[in-house]
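All values below were derived from every heavy atom in this structure, side-chain atoms included, with hydrogens, water molecules and symmetry-related copies excluded. Order of appearance sets the numbers: ligands from 1, and atoms from 1 within every ligand.
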Amino acid sequence: MKKLFTIIAILLPVFSYAGEIEDIVPAPQKAEALRGSFRAGGASIKCDPSVDAGVIDAINRFSNSLSICSGKTSYVSTPIGLKESVESGNGKGIIFLKDPGLKPEHYSINISSKVAIIRANDLNGFIYALETVKQLLPEEIYGNVFNEDVRWNLPCCIIEDGPRFGYRGMHLDCSRHFWSTDEIKKYLDVMASYKLNRFHWHLTDDQGWRIEIKKYPLLSQIACYRNGTMVGRDFSSNDHIRYGGFYSQEEIREIIEYAAARGITVIPEIDLPGHMLAAMSAYPWLGCTGGPYEAWTKWGVSEQVLCAGKESTFTFIENVLSEVASLFPGEYIHIGGDECPKTEWEKCELCQAKIRELGIKGDEKFTAEQHLQSYVTRRVQEFLATKGKKIIGWDEILEGELAPGATVMSWRGQSGGQEAAEKGIDAIMTPTSHFYFDYCQSEDAEHEPLCIGGFVSVGKVYSFDPVEGIAPEHQSHILGVQANLWTEYIKTEEHLEYMLLPRLLALSEVQWCAPENKDYGRFVRAVTGHGFKALDFAGYTYAKHLIGVSGDNIK
Ligand code: ACM
Ligand code: ZN
């Protein structure tokens, strides 16, 4: 009998079928399931010749993956007159058409049993259509290996989609722990799968400087190393293992290009005037006392910051930012501004002389030193404007006088973003309460890998309302939402991915979906079904609290 079951099991392979529209994350604006399916494996792929080269590259990546997985080659062609032939009802295969009527990042998908028609008007629109198509295919598509037990079909459906917010960010701290370019590419891949479009690259901090600056070679010879790292949560400890790394300008360009091909703009952060101890270890004249300084081996907020009283500090900042501005093509450079203690500035003769020279006075709201930081922010903002760049800063930049044109990242709650929006200043919501992915995912800390504290579950991320407490006429100043992944307590790729996923999927619905399209029940079903399988095939580690599994095994 047992033998008979075995024979039947061998004769009846378990086929994986097409995905379902309820499984798409982030949920599309409008989606209607139709009867039937379209055979995608081996389908011809045709693309409007008027699209940009980047669109063809994205389609080629998709067709390569489909060809590998299905074992049937899908050729991509760009025939003249494609649009007319589709309009006259003669389209066959998978067809990509440029549609000037569609807004940026929007797309439509129309799949019948004969033809799958995809329309968009820009690179990101096509990229997101392709990500949706991938989610409609069996999850094995993420494995990128030949799989004969799969029916490479797409469900017939009509989808019209576009994002709620233009800024859909994810941050990564590469200072506290250094992540290789391959690790960053894998991070960008999963961001792209869920339609995020900004990578906030935290490149400098007290514990290590990570970007090559040609004018200051000691940044990548001294400042990128620290003499050991504290162990676990013990602030008095040091493992005495020299730790470091940096990205060459060539590697930076490689990451920018890789991200751009996936619809992601990279925003570099050079955190100033605080969080600069590593740079000061290489160039001690940057500090108020002249050092000596050492890149920090422990976590926290250093009181040693850039001296705002010396012109040489501004020359350094401007030279560094000139190279940064010419490397990164995006419109924004993040200049940090967070957690800058003023103890050194209060004692420093040069900083105090600067305060007098500028006629700065403390007032009932802010100290003279806070106004001095505001002066630093304005000066850097004006300099970057000459390079065609705008600044983003953490919400401390609201302390003092913020010049028009700056964008505020609201991290100490939502109030910074609310205040900014009400003053007509653009803001991005990234409060610790919902979007600090270094916070624990479970209250049962004993069965979790190290986390910084706090508790941010998938449900908490999902529940966020970015415009809460903001009058309708000011809401357009909320450009979007971002989550931050600080890596003090995260050393391995496995741990990093565990902290990121599946919270990133919840973030994507906050960023993408209109409030009426959010539904936590549907989201959890989609994530624990299709989502987890897709992540398994793509080789990611993820937290499984949604299915009652703790993080005991994560190292
Ligand atoms: C921050 O978490 N210090 C922005
Ligand atoms: Zn000083």
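When SG of Cys288 and SG of Cys307 are joined through the Zn ion (ligand 2), the resulting angle is 110° to the nearest 10°. To the nearest 10 degrees, the angle centred on the Zn ion (ligand 2) between SG in Cys351 and SG in Cys348 reads 110°.
Residue Trp411 has no N or O atom closer than 3.5 Å to an N or O atom of ligand 1.
Of the protein's non-hydrogen atoms, the one nearest atom 3 (N) of ligand 1 is Asp338 OD2, 2.7 Å. Scanning the protein heavy atoms around atom 1 (C) of ligand 1, the nearest turns out to be Tyr436 OH, 3.4 Å.
Ring geometry for Trp411 against Trp394 counts as perpendicular: the plane angle is over 60°, on a 0 to 90° scale with 30° as the lower cut. His202 and His171 have tilted rings, their planes meeting at an angle from 30° to 60° on a 0 to 90° scale.
Test Arg412, Lys342, Lys365 against Glu399 for salt bridge (Lys or Arg N to Asp or Glu O under 4.0 Å) and you get one pass: Arg412.
Contacts with ligand 1 closer than 4.0 Å are made by side-chain heavy atoms of Glu339 only, the backbone lying farther away.
Taking the six-membered ring where the residue is Trp, the centroids of Phe165 and Trp512 are separated by 6.0 Å or more.
Cys224 contributes atom SG, which lies 8.5 Å from atom CZ of Phe178 (distance to the nearest 0.5 angstrom).
Ligand 1 places these atoms under 4.0 Å from at least one heavy atom of Trp486: 1 (C), 2 (O), 4 (C).
Glu422 is not listed as a side-chain neighbour of His477, based on a closest heavy-atom distance of 4.5 Å or more.
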